[in-house]
Amino acid sequence: MYKVLKKKQKFTLKQKYFKRNGGLLLQQHLSSNEGNVDKIKLFTSKEMEKATNYYNENRILGQGGQGTVYKGMLIDGSIVAIKKSKMVEGMKFDEKKVEQFINEVIILSQINHRNVVKLLGCCLEAEIPLLVYEFIPNGTLYDLIHNQNEELPLTWEMRIRIAIEIANALFYLHSAASAPIYHRDIKSSNILLDDKYRAKVSDFGTSRSVALEQTHLTTRVQGTFGYMDPEYFRSSQFTEKSDVYSFGVVLIELLTGQNPISAEQSEPVRSLVSYFLHSMQENSLFNILDPMVVKVGPKQEIIVLALLAKRCLNLNGKKRPTMKKVAMELELIKASGGNVIEDHGDEESEIDDIIHSWETNPSCSMSRTITTDSETLPLNSTF
Ligand SMILES: Nc1ncnc2c1ncn2[C@@H]1O[C@H](COP(=O)(O)OP(=O)(O)OP(=O)(O)O)[C@@H](O)[C@H]1O
């Protein structure tokens, strides 16, 4: 009798957690056929405890605004990343977080792209709901850019390839079959790197499908300072071009190796976007480039990429290119070495001006020597 009663109690508790963790909300979306939720496996709380060795501290991979991520091993031996959402704020259970959690499940269940992190399943019957992702072993793009070491230099080719991969993922999301999906929090720490250092866009907690958006009344401005579209900040209206802006910030992070917000500097250097735009205006792009980029990157490609970033960062969203255009231009830059560019007003004369000031600036003579010494660099002859 005691055993049966205990089992019943446990079952009731699991049902209670399932409901509280948004299980019903998910079922609702399931029945309305949104996404491909059958592909999402429902894990038991026991499986999760075993996989993380009871949420052992030394299994923690990282902590974000939404919770803690653990490295885990499933019974079949596969390695996964398990995100334990932060649901309890003080003593209160946060309904908004449940919504974000279910939102991420629904959004990710609709996505199948090699540059987007895969969601394998979730666990709703545990006290705190959990998300189970494929494990991405090489950390974040943020760490790769900002903690560079000699063992793994971030080459120019890697920077361009990673930019193309993120752009392709965003283009895919924006043109998703059922309805466009906006990521809404693109930043280098949300780009994970796999075993071959390929980019995987992650963290879809604040993402929105345009179809879902119609049923959501949230007008709260969300995102990360330094990456956030100023137009969205002012109007609370998120558009596909707001993702383009944040992508532009990641592009200049790749070009300059600098943080979007630098606490040590004073304005205008403090905001990387203002510093970058100011440098472009003064034709002194070379002043803010990552020394590694100056050393090994072909000038023409660097400049064309910088001009593309500048268009992504236009204050007027309508004047920014779409992600489709950005992805196509990046492929073109890579394929042609920046020699073939589309006509965007005065860009050709801008390129000439930047090259001229780069060439005549004494502080760049070092890098120039290094560049001209290398026979492998494709565009030396043009300078
Ligand atoms: N699939 C994964 N594979 C490997 N590590 C991961 C995976 N997902 C997340 N991580 C690690 O966990 C950390 C926290 O991830 P999470 O997405 O919760 O937060 P964040 O992006 O750092 O912050 P925020 O949620 O505030 O934007 C990441 O920085 C990364 O190091």
Side-chain angles (χ1 to χ4, degrees), residues 40-41 43 48 51-52 55-74 78-89 94 96-105 107-109 111-123 128-147 152 162 165-166 169-170 173 182-208 220-229 238 242-243 246-247 249-250 253 259-261:
I40 302 294
K41 187 175 166 9
F43 290 94
M48 295 291 90
T52 57
Y55 305 105
N56 199 311
E57 259 184 32
N58 57 30
R59 292 288 188 88
I60 294 179
L61 288 168
Q63 251 157 341
Q66 285 182 59
T68 310
V69 182
Y70 296 85
K71 184 174 180 177
M73 190 200 263
L74 299 179
S78 52
I79 307 289
V80 291
I82 298 174
K83 189 193 265 185
K84 192 176 185 184
S85 310
K86 210 193 297 167
M87 294 285 168
V88 188
E89 211 71 77
D94 191 342
K96 270 254 139 37
K97 292 268 165 62
V98 176
E99 205 183 295
Q100 272 189 3
F101 171 83
I102 295 298
N103 182 61
E104 185 156 357
V105 177
I107 297 274
L108 280 177
S109 70
I111 300 169
N112 182 17
H113 191 273
R114 62 177 182 281
N115 299 117
V116 175
V117 71
K118 263 195 189 52
L119 179 71
L120 306 174
C122 61
C123 172
I128 306 289
L130 303 146
L131 289 169
V132 183
Y133 306 90
E134 60 172 332
F135 175 70
I136 314 291
N138 276 322
T140 67
L141 178 60
Y142 181 91
D143 291 332
L144 190 67
I145 295 176
H146 302 288
N147 306 318
L152 184 80
I162 288 172
E165 288 165 348
I166 307 168
L170 286 175
L173 293 172
Y182 302 152
H183 185 282
R184 297 164 63 120
D185 198 13
I186 287 296
K187 55 179 172 178
S188 56
S189 62
N190 277 341
I191 311 297
L192 302 176
L193 299 160
D194 75 1
D195 53 340
K196 294 197 171 77
Y197 285 87
R198 281 176 303 218
K200 301 264 188 184
V201 176
S202 78
D203 206 353
F204 285 74
T206 50
S207 310
R208 282 276 180 272
R220 197 158 45 124
V221 173
Q222 281 181 310
T224 304
F225 199 50
Y227 293 88
M228 198 190 284
D229 170 14
F238 196 95
S242 311
D243 272 347
S246 309
F247 176 77
V249 181
V250 175
E253 230 178 315
N259 255 307
I261 300 289

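Counting starts at 1 for both ligands and their atoms, in listed order.
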**Student:** Considering only the protein, which heavy-atom contact is closest to atom 21 (O) of ligand 1, and what is its distance?
**Tutor:** Asn190 OD1, 2.5 Å
**Student:** With heavy atoms only and a cut-off of under 4.0 Å, state how Lys187 meets ligand 1: side chain, backbone, both or neither.
**Tutor:** side chain
**Student:** May I ask you to check if ligand 1 and Asp203 share an N or O to N or O distance below 3.5 Å?
**Tutor:** yes
**Student:** For the pair Asp243 (side chain) and Arg184 (backbone), establish whether a donor and an acceptor sit closer than 3.5 Å, ignoring hydrogens and angles.
**Tutor:** yes
**Student:** Of all the non-hydrogen atoms in the protein, which one sits nearest to atom 26 (O) of ligand 1, and at what distance?
**Tutor:** Gly65 N, 2.7 Å
**Student:** Looking only at non-hydrogen atoms, which of Leu120, Asp185, Leu61, Thr140 approaches atom 11 (C) of ligand 1 most closely?
**Tutor:** Leu61
**Student:** Give the numbers and elements of all ligand 1 atoms closer than 4.0 Å to a heavy atom of Phe135.
**Tutor:** 3 (N), 4 (C)
**Student:** Would you tell me whether Asn259 and Tyr142 have side-chain atoms, one donor and one acceptor, within less than 3.5 Å of each other?
**Tutor:** yes
**Student:** Output the list of atoms in ligand 1 that are nearer than 4.0 Å to some heavy atom of Val69, sorted by atom number.
**Tutor:** 9 (C), 10 (N), 12 (O), 14 (C), 15 (O), 18 (O)
**Student:** Under 4.0 Å from any heavy atom of Tyr133, which atoms of ligand 1 are there?
**Tutor:** 1 (N)
**Student:** Which residue holds the protein heavy atom closest to atom 7 (C) of ligand 1, what is that atom called, and what is the gap in Å?
**Tutor:** Leu192 CD1, 3.4 Å
**Student:** Out of all atoms in ligand 1, which are within 4.0 Å of some heavy atom of Val117? Include the element for each.
**Tutor:** 1 (N)
**Student:** Which atoms from ligand 1 have a heavy atom of Ala81 less than 4.0 Å away?
**Tutor:** 1 (N), 2 (C), 3 (N), 7 (C)
**Student:** Please work out, at 4.0 Å between heavy atoms, whether the side chain, the backbone, both, or neither of Lys71 comes within that distance of ligand 1.
**Tutor:** neither
**Student:** Report yes if some heavy atom in the side chain of Leu144 is under 4.5 Å from a heavy atom in the side chain of Ile191; otherwise report no.
**Tutor:** no
**Student:** Are Leu119 and Phe204 close enough, and set up right, to give a side chain to side chain contact (heavy atoms under 4.5 Å, CB included), and what steps lead you there?
**Tutor:** CA-CA 10 Å; Leu119 179 71; Phe204 285 74; over 6 Å; no
**Student:** Can you check whether Glu134 has an N/O within less than 3.5 Å of an N/O in ligand 1?
**Tutor:** yes
**Student:** Is the ring pair Phe238/Tyr182 parallel, tilted or perpendicular, if the boundaries are 30 and 60 degrees?
**Tutor:** tilted
**Student:** Any sub-3.5 Å donor-acceptor pair from His113's side-chain atoms to Leu170's backbone N or O?
**Tutor:** no
**Student:** Using a 3.5 Å distance criterion without hydrogens, assess whether the side chain of Thr52 forms a donor-acceptor pair with backbone atoms of Met48.
**Tutor:** yes
**Student:** Which protein non-hydrogen atom lies closest to atom 13 (C) of ligand 1, naming both residue and atom, and how far is it?
**Tutor:** Gly62 CA, 3.7 Å
**Student:** Would you check if Tyr227 and Asn190 make a side-chain contact, meaning some heavy-atom pair closer than 4.5 Å?
**Tutor:** no
**Student:** How far is atom 22 (O) of ligand 1 from its nearest protein heavy atom, and which residue and atom name does that atom have?
**Tutor:** Gly64 CA, 4.0 Å
**Student:** Do the non-hydrogen side-chain atoms of Phe43 and Leu130 ever get within less than 4.5 Å of each other?
**Tutor:** no
**Student:** Would you indicate whether the side-chain heavy atoms of Asn115 and Lys200 approach each other to under 4.5 Å?
**Tutor:** no
**Student:** At a 4.0 Å threshold, what atoms of ligand 1 neighbour a non-hydrogen atom of Lys83?
**Tutor:** 17 (O), 18 (O)
**Student:** Say whether, by atom type as modelled, one donor and one acceptor occur between the side chain of Asp194 and the main chain of Arg198 under 3.5 angstrom.
**Tutor:** yes
**Student:** Regarding ligand 1, does Ile136 bring an N or O atom to under 3.5 Å of one of the ligand's N or O atoms?
**Tutor:** yes
